[in-house]
A.B. asks: 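This is the structure, below, for whatever I ask next.
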Amino acid sequence: MSLADRDRAALWHPYTQMLTAPAPVPISRAQGVYLYTEDGRKILDGISSWWVNIHGHSHPKLNEALAAQAREMEHVLFAGFTHRPAVELAERLLAILPRGMSRVFYSDNGSTAVEVALKLAFQYWENRGETRRTFIALHHAYHGDTVGAMSVSEDSPFTRPFAPMLFPVFRAHAPYCYRCPLGLDRATCQIDCLGDLEARLKESGDSAAAVLVEPMLQGAGGMIVWPAEFLAGVRRLCDRYGTLMIADEVLTGFGRTGKMFACEHAGVSPDIICLSKALTGGYLPMGATAGTAPIYEAFLSDDRGKTFFHGHSYTANPLACAVGLASLDLFREEGTLDRVCALEGRLRAGLEPLRKLDSVGDVRVIGGVGIVEMRTDHPGYLNDFGPRITAAALDRGLLLRPLGNVLYFMPPYAITPDETDWAIEQIADLLRVVSPNA
Ligand SMILES: *Cc1c(COP(=O)(O)O)cnc(C)c1O
């Protein structure tokens, strides 16, 4: 039996309609920006293996850090105990995170990093004896697949079956200027969006525990790139209405938008920040949620009831921490942020000309992410432009997974200029032969 057949008999894949999906592609090796199939083909990883990889696959330095840590200690519990990799990684993160972050709380993935943020914000107000119990999130938001993270995510095909089990959230406009809900031009759209957020803050009275955003780049909701002024405005409004700001940087953290953290585009610091995905360079699952001193201090008490009772079996896994540290080293040794900057220029030069195609509605580039949104009357994840592009690109040795009618290219930063140009050429060709359904 082939591996794909054995897979079919034993497994259930994420985000996959098992009845109709094509057979999964067996990968036996991954190196740099390439995945190597069992039958000897190579595929350029154009989406960083679901947005996690940054330095390339099987990087010798990260491999060595992982092996060295495994020889010392694989895992120990993190309640009542500590270890060097966890402490060093927290210290290093606090040194580079937006100013004001005071403590790091580890978890296992992006969704749990968000759950921790929501629970911290909620209990922060409870511990202070104030009743702020609702959240404000944005349209097109995606914050993960656990129940709390789904609640703050926008209603979508992902969340719809679960709608009755989700908690209610106030929803404000995002500055999706290409599809401005009110048909306004770019500058006005953004001001109007902030007006809408302010209206939600007023509507919630003093009940908003926090405003939660994906700064600068809303990912799974359609790769929406913001004007930095909107992000600055979110901080301003949170201050004005005395509520907390949570930045979900699970996707944007570690250089993806061209800055180490997307909050830097507007020079703002949130009260709570969520990290995962590239935290370990794409090697191991790990989440981290950091908060300011006031957040941390609200939990300090003689009353044990005010403790943050949250934790996961693998909290602060030493293997993940060790690879995370080595990944941060690489940022210095390989000039990683400069690479992202060069990649951004190349993506812009290569993708902007695609605006001329009738089928293309918008082109957006931020950091290491290039986005082409196709014109269609049926925008959204279920537009089958996505699976059709995925299949056609795979035939050419390129891994792409458009979000419905929104195609994006998000390779590991380790990609070379020639490889980037090749991928853009494939994308341009594909757009000439595959178009979204009307
Ligand atoms: C991917 C993602 C998450 C969820 O992370 P997982 O590790 O997949 O649970 C949360 N927020 C954002 C912005 C993401 O892109």
Side-chain angles (χ1 to χ4, degrees), residues 13-16 47-54 105-121 135 137-159 162 166 169 174 176 210-226 231 234 245-257 259-263 265 270 272-290 310 312 314-315 317 320 323-324 327 364 366-369 371 381 401-404 406 408-410:
H13 286 258
Y15 280 90
T16 302
I47 61 165
S48 295
S49 281
W50 257 356
W51 319 351
V52 299
N53 195 285
I54 53 178
F105 190 98
Y106 291 118
S107 62
D108 294 348
N109 56 61
S111 300
T112 55
V114 169
E115 296 286 344
V116 166
L118 296 174
K119 288 175 71 174
L120 280 178
F135 291 92
L138 300 186
H139 284 292
H140 308 291
Y142 175 78
H143 296 292
D145 289 348
T146 52
V147 173
M150 277 201 293
S151 298
V152 283
S153 297
E154 167 86 299
D155 166 61
S156 78
F158 308 163
T159 62
F162 311 103
L166 305 183
V169 164
Y176 189 2
V211 176
L212 170 69
V213 300
E214 291 156 86
M216 296 308 292
L217 174 65
Q218 289 182 291
M223 293 292 162
I224 298 158
V225 179
W226 295 1
L231 179 55
V234 171
M245 175 178 170
I246 302 174
D248 176 354
E249 294 233 25
V250 166
L251 163 61
T252 53
F254 305 98
R256 201 58 85 171
T257 68
K259 309 268 189 199
M260 198 63 174
F261 299 101
C263 281
H265 286 277
I272 299 174
I273 192 167
C274 311
L275 308 172
S276 184
K277 293 205 164 113
L279 171 59
T280 62
Y283 265 58
L284 288 161
M286 174 171 228
T289 307
H310 185 109
H312 298 281
Y314 283 95
T315 297
N317 176 254
V323 182
S327 170
R364 308 185 275 271
I366 183 167
V369 191
I371 302 136
Y381 188 82
R401 270 183 72 100
L403 298 154
V406 179
Y408 66 92
F409 178 56
M410 188 195 293

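Numbering of ligands and ligand atoms starts at 1, following listing order. Any value given below was found using the heavy atoms of this structure, including those in side chains, with hydrogens, waters and symmetry copies removed.
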A.B. asks: For ligand 1, which atoms have a heavy atom of Leu251 less than 4.0 angstrom away?
C.D. replies: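 Here the atoms of ligand 1 in question are 15 (O).
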A.B. asks: For atom 3 (C) of ligand 1, what is the nearest protein heavy atom, given as residue, atom name and distance?
C.D. replies: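 The closest one turns out to be Val250 CG1, 3.6 Å.
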A.B. asks: List ligand 1 atoms under 4.0 Å from Gly144, heavy atoms only on the residue side.
C.D. replies: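 Listed by number with element: 4 (C), 10 (C).
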A.B. asks: Quick one: does any side-chain atom of Ser276 pair with a main-chain N or O of Met286 as donor and acceptor, under 3.5 Å?
C.D. replies: yes
A.B. asks: Could you tell me whether the side chain of Ser111 and the main chain of Asp145 form a donor-acceptor pair under 3.5 Å?
C.D. replies: yes
A.B. asks: Identify the closest protein heavy atom to atom 7 (O) of ligand 1: which residue and atom is it, and at what distance?
C.D. replies: Gly110 N, 2.8 Å
A.B. asks: What do the steps show when you test Glu249 against Leu275 for side chain to side chain contact (heavy atoms under 4.5 Å, CB included), and what is the final call?
C.D. replies: CA-CA 5 Å; Glu249 294 233 25; Leu275 308 172; 4.1 Å; yes
A.B. asks: Give a yes or no answer on whether the side chain of Ser327 reaches the backbone of Thr280 with a donor-acceptor pair at less than 3.5 Å.
C.D. replies: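 No.
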A.B. asks: Nearest to atom 2 (C) of ligand 1, what protein heavy atom do you find, and at what distance?
C.D. replies: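 Atom 2 (C) of ligand 1 sits closest to the protein heavy atom Lys277 NZ, 2.6 Å.
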A.B. asks: Show me which atoms of ligand 1 lie under 4.0 Å from any heavy atom of His143.
C.D. replies: 10 (C), 11 (N)
A.B. asks: If the cut-off is 4.0 Å to any non-hydrogen atom of Asp248, which atoms of ligand 1 fall inside it?
C.D. replies: 10 (C), 11 (N), 12 (C), 13 (C)
A.B. asks: Hey, what do you get for CZ (Phe135) to CD1 (Ile246), rounding to the nearest 0.5 Å?
C.D. replies: 5.5 Å
A.B. asks: Should the proximity of Trp51 to ligand 1, defined as any heavy atom under 4.0 Å, be assigned to the side chain, the backbone, both, or neither?
C.D. replies: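 Side chain only.
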A.B. asks: Do Tyr15 and Phe158 have their ring centres less than 6.0 Å from each other?
C.D. replies: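 Here the rings of Phe158 and Tyr15 have centres that are less than 6.0 Å from each other.
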A.B. asks: Under 3.5 Å, is there a donor-acceptor pair between the Thr112 and Glu115 side chains?
C.D. replies: no
A.B. asks: Taking the side chain as every heavy atom from C-beta outward, state whether Tyr176 and His140 have any pair of such atoms under 4.5 Å apart.
C.D. replies: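 Yes, close enough: below the 4.5 Å cut-off.
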A.B. asks: Where does Glu214 meet ligand 1, judged by heavy-atom distances below 4.0 Å: at the side chain, the backbone, both, or neither?
C.D. replies: side chain
A.B. asks: So, does Gln218 sit close enough to ligand 1 that a heavy atom of it is under 4.0 Å from the ligand?
C.D. replies: no
A.B. asks: What residue and atom, counting heavy atoms only, is the protein's closest point to atom 9 (O) of ligand 1, and at what distance?
C.D. replies: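 Of the protein heavy atoms, Ser111 OG, 2.6 Å lies nearest.
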A.B. asks: Establish whether atom 11 (N) of ligand 1 and some protein heavy atom are separated by less than 4.0 angstrom.
C.D. replies: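 At least one protein heavy atom is under 4.0 Å away.
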